[in-house]
2 protein chains.
Amino acid sequence: MEKRPTMHKQVTVADVARMAQVSKATAARALGDYGTVGAEVKQRVIEAARRLDYRVNELARTMATGRSGTIGVIVGDIENPFFGLAVRGVSDCAKAAGFDVILSNSSEDIVEERAAVDVMLAKGVDGLIVAPAMMRGTAHLEAVLKRGRPLVLLDRDVPGLDIDTALVDGKAATKEALRLLVEAGHRRIGYVTATEAPSPRYTGLSDITLSTVLNRIAGFLEGAAEAALPEPERYIRFGASSGVQGQGIIGDLLSAPDRPTAILASDSKIALDVMRAARSAGLVVPRHLSLVTFDDADWTSAVEPAITVIAQPTYELGREAARMLIERIQGERMAPRRCLLAAKIIVRESVARLEVQDVKHEPRRKTSPANQK
Amino acid sequence: MEKRPTMHKQVTVADVARMAQVSKATAARALGDYGTVGAEVKQRVIEAARRLDYRVNELARTMATGRSGTIGVIVGDIENPFFGLAVRGVSDCAKAAGFDVILSNSSEDIVEERAAVDVMLAKGVDGLIVAPAMMRGTAHLEAVLKRGRPLVLLDRDVPGLDIDTALVDGKAATKEALRLLVEAGHRRIGYVTATEAPSPRYTGLSDITLSTVLNRIAGFLEGAAEAALPEPERYIRFGASSGVQGQGIIGDLLSAPDRPTAILASDSKIALDVMRAARSAGLVVPRHLSLVTFDDADWTSAVEPAITVIAQPTYELGREAARMLIERIQGERMAPRRCLLAAKIIVRESVARLEVQDVKHEPRRKTSPANQK
DNA sequence: AATGCTTGTGAGACCGGTTTCACTTGCATA
DNA sequence: TATGCAAGTGAAACCGGTCTCACAAGCATT
């Protein structure tokens with residue numbers, strides 16, 4: 001009669017079957033809602049399960065059926081609001097279809113990504129959604145397919161990997177943003193990204209390891225050529241991740257004598273770093289420096305001045321990736337699809353016409369000479 | 001000889017054993033690094049596994065051992081940077097100890113939370129970290145313990161649930177922030193939170209369903225009493241979540257004739273909403289309105305003016321929760337602990353002395369009378 | 001009355017690991 | 001020489017479900 005607090009054993013179908021006085025098979029049928037069970041017996045089993053507080057063991061079910069009802073998502077950085085929103089798109093779509101989502105961070109590191117893929121496969125996910133950290137060295141992704149699990153790429157393309165992919169048209173978006181700046185009279189326009197490259201400077205398209213960056217830079221250069229901007233690649237910067245190093249790269253760019261008059265930031269974190277650097281250089285946005293950034297982060301519309309952004313359909317991106325994956329999981333056979341979503345520019349207040357801008361502004365005007373190095 | 005592309009079957013220990021010409025048991029021992037295996041045999045098995053590209057099936061292993069090496073985390077809103085950072089604290093700590101993390105959103109809904117708990121238990125997590133959506137109706141959490149799985153509460157307390165908990169001292173932090181504002185001369189100070197309550201107005205501590213909010217409000221009222229502020233509860237607002245409704249609540253608060261001269265925002269999203277509302281009311285921060293917010297979000301230090309914040313040790317909060325949970329999983333027996341971390345105020349530029357502020361400022365000064373309703 | 005079909009049920013194999021137990025062998029000890 | 005012990009190995013049980021198959025009962029058809 002006494003209740004031991006260390007009753008760790010869980011209730012199984014066998015227990016339920018015993019109480020309902022039926023076989024294990026019948027009890028499982030009644031609870032799992034498959035096969036055929038008599039109405040009266042079914043009632044008895046369900047009642048017994050309720051009394052015992054029975055819960056299925058999903059692991060055992062997965063073992064037996066081969067289906068886990070779980071999809072795995074691997075992104076570079078969950079804290080990045082871009083991926084946060086994309087993951088919500090995935091989750092909402094997956095949940096609606098009865099799937100659970102498990103999430104992993106690769107820290108934009110291909111080794112961690114490989115490990116994460118292994119773990120997820122070992123845990124028996126039905127399919128994977130990956131934002132690959134690199135365009136090359138993706139043998140581990142091919143291995144997923146070879147193991148018979150569907151895979152969908154999120155936001156980033158891998159040339160040569162012919163599978164479903166959900167992408168944003170970054171090339172068109174960048175060209176459009178560039179046109180906006182050019183039409184405002186800007187000729188020296190910077191492009192700043194956190195992605196690492198052999199050098200902080202532009203050294204050629206072939207040194208870029210991420211399709212997103214590649215497309216945007218291509219769009220940037222193409223747009224610059226059409227507008228006949230001189231040496232557009234001079235103002236491209238890589239590796240401007242948060243931290244001292246990234247801050248230095250941006251700071252140097254903004255303090256050069258022929259500094260750009262406008263910056264295109266590749267994500268909202270970079271935009272913040274640009275704003276910090278501008279501030280410590282004594283530059284006011286948009287009076288001395290125009291700014292456009294990828295991603296409509298929440299703060300961009302609340303600050304003064306509100307920031308003009310390239311709003312990517314991030315939530316939809318995740319949703320479409322999940323939709324495609326689930327179709328594959330459910331056995332649809334069809335040619336690989338690529339879902340290319342358009343970004344939209346939201347004009348706010350961070351871009352000024354060049355003739356209004358105070359380009360020759362002396363940096364650190366507010367600081368006294370004594371404080372200047 | 002031909003390679004069929006639909007070879008979905010995975011390689012098992014039995015396959016490896018066959019190739020290495022040993023029993024399944026011995027192969028498993030060699031691969032799993034347990035029991036005793038002869039050196040030469042072990043080599044042979046490992047070589048066979050390599051040649052077959054064998055990977056363990058974690059599910060089968062979990063079934064057999066009862067340990068999954070996975071901990072579950074359930075938070076209200078992954079997109080909230082607060083939880084994002086806390087989850088990273090959990091992940092880093094868990095990864096270092098060899099655990100995987102699976103993540104779920106409750107959308108601050110107790111029903112979804114219950115479902116998420118069930119799913120995670122069914123998936124066989126070794127333990128759970130939960131930021132409960134409510135202080136009451138937490139039978140599902142007790143059920144976790146009854147099933148023999150350790151549970152740690154993150155950021156939010158549940159009275160009567162005597163288990164390990166990682167908390168921030170919100171009461172002390174709120175009092176300190178309030179003192180900061182009082183010392184700057186403010187007497188009408190608002191507290192705005194996203195948490196839902198029966199009414200947007202303060203109706204008593206017993207109507208608050210979240211321990212975090214309860215502690216902060218208690219600190220707020222206590223500090224206000226010590227400073228002899230008149231009717232401090234008049235400026236408390238609940239349910240100021242993002243969206244039209246929340247915006248309305250904040251807008252009303254700021255447009256009242258005796259509006260507060262300073263606002264304490266309970267998270268960084270609310271702070272943005274306050275800034276939007278202030279802006280559309282024609283109030284400039286901090287000239288017309290001082291602002292302090294919980295959480296040192298990335299944008300708070302980059303904007304103009306930089307925002308004074310209450311920096312919570314969010315990452316550490318997650319890390320400590322994970323540390324405590326893993327100790328329990330590894331069998332430590334000890335009395336429930338509560339880890340109470342201190343928050344720290346970072347003074348920046350969003351608080352002005354009251355005598356400098358332009359309190360009698362006429363709202364919407366910039367708007368022409370024709371545009372006014 | 002014999003046949004076929006449908007429905008309900010139970011026994012037992014199966015998923016892919018781990019773990020217990022029994023057994024063999026080699027070597028040291030008494 | 002007999003005994004004890006440790007190391008190495010294989011057979012089979014086990015985890016908790018699903019699913020196949022065999023079989024029985026009930027009913028309709030011929």
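The model shown is predicted, which means the values in this text are computed figures rather than measured ones.
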Thinking salt bridges, do [X] and [Y] make one under a 4.0 Å N-O criterion?
X	Y	result
B:Glu108	B:Arg156	yes
A:Asp118	B:Arg55	yes
B:Arg88	A:Asp77	no
A:Asp15	A:Arg18	yes
A:Glu327	A:Arg337	yes

I need the residues from [range] with at least one non-hydrogen atom less than 4.0 Å from DNA chain D; give them sorted by number, or say none.
range	value
residues 11-22 of chain A	A:Val11, A:Thr12, A:Val13
residues 32-42 of chain B	B:Thr36, B:Val37, B:Gly38, B:Val41
residues 46-58 of chain A	A:Tyr54, A:Arg55, A:Asn57

What does the list of N/O pairs under 3.5 Å between the protein and nucleotides 26-28 of chain D look like, with a distance for each?
none

Examine D:dG10: is either OP1 or OP2 under 4.0 Å from a nitrogen or oxygen in the side chain of B:Thr26? Give yes or no.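 Yes.
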At their closest point, which heavy atom of B:Ile326 faces which heavy atom of B:Phe99, and how far apart are they?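 Minimum heavy-atom separation between B:Ile326 and B:Phe99: CG2-CE1, 3.9 Å.
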Would the distance check show the side chain of [X] and the main-chain N or O of [Y] forming a donor-acceptor pair, the cut-off being under 3.5 Å?
X	Y	answer
B:Asp155	B:Ala131	no
B:Asp126	B:Gly69	yes
B:Ser68	B:Gly124	yes

Out of curiosity, [X] [atom1] to [Y] [atom2], how far, rounded to the nearest 0.5 Å?
X	Y	atom1	atom2	answer
A:Arg338	A:Asp162	CZ	CG	8.0 Å
A:Leu340	A:Glu320	CG	CD	12.0 Å
B:Leu103	A:Asp100	CG	CG	12.0 Å
A:Arg67	A:Gln330	CZ	CD	11.0 Å

At a cut-off of 3.5 Å, list every protein nitrogen or oxygen paired with a nitrogen or oxygen from nucleotides 11-13 of chain D, distance to 0.1 Å.
none

Determine, step by step, whether A:Val144 and A:Val130 satisfy the side chain to side chain contact (heavy atoms under 4.5 Å, CB included) criterion, reporting the C-alpha distance in whole Å, the side-chain angles of both residues, the deciding distance to 0.1 Å, and the verdict. CA-CA 11 Å; A:Val144 174; A:Val130 179; over 6 Å; no
Provide, to the nearest angstrom, the distance between the [atom1] atom belonging to [X] and the [atom2] atom belonging to [N].
X	N	atom1	atom2	answer
A:Arg67	C:dC14	CZ	C1'	15 Å
B:Met63	D:dG16	CE	P	7 Å
B:Gln10	C:dC15	CD	P	11 Å

Does B:Ile163 form a side chain to side chain contact (heavy atoms under 4.5 Å, CB included) with B:Arg328? I'd like the steps, not just the answer. CA-CA 11 Å; B:Ile163 56 175; B:Arg328 294 284 173 193; over 6 Å; no
Side chain to side chain contact (heavy atoms under 4.5 Å, CB included) evaluation trace for B:Ile74 with B:Val117: CA-CA 8 Å; B:Ile74 302 174; B:Val117 167; 3.6 Å; yes
Using five pairs at either end of the helix from C:dA1-D:dT30 to C:dA30-D:dT1, determine the angle between the two local helix axes and round it to 10 degrees.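 One end axis against the other gives 50°.
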Start with the C-alpha distance between B:Arg149 and B:Leu128, add both sets of side-chain angles, then the distance that settles side chain to side chain contact (heavy atoms under 4.5 Å, CB included), and finish with yes or no. CA-CA 8 Å; B:Arg149 299 282 167 202; B:Leu128 276 175; over 6 Å; no
Side-chain H-bond candidate by donor/acceptor type, B:Thr70 with A:Lys123, under 3.5 Å: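 Looking only at side-chain atoms, A:Lys123 and B:Thr70 do form a donor-acceptor pair, the distance falling under 3.5 Å.
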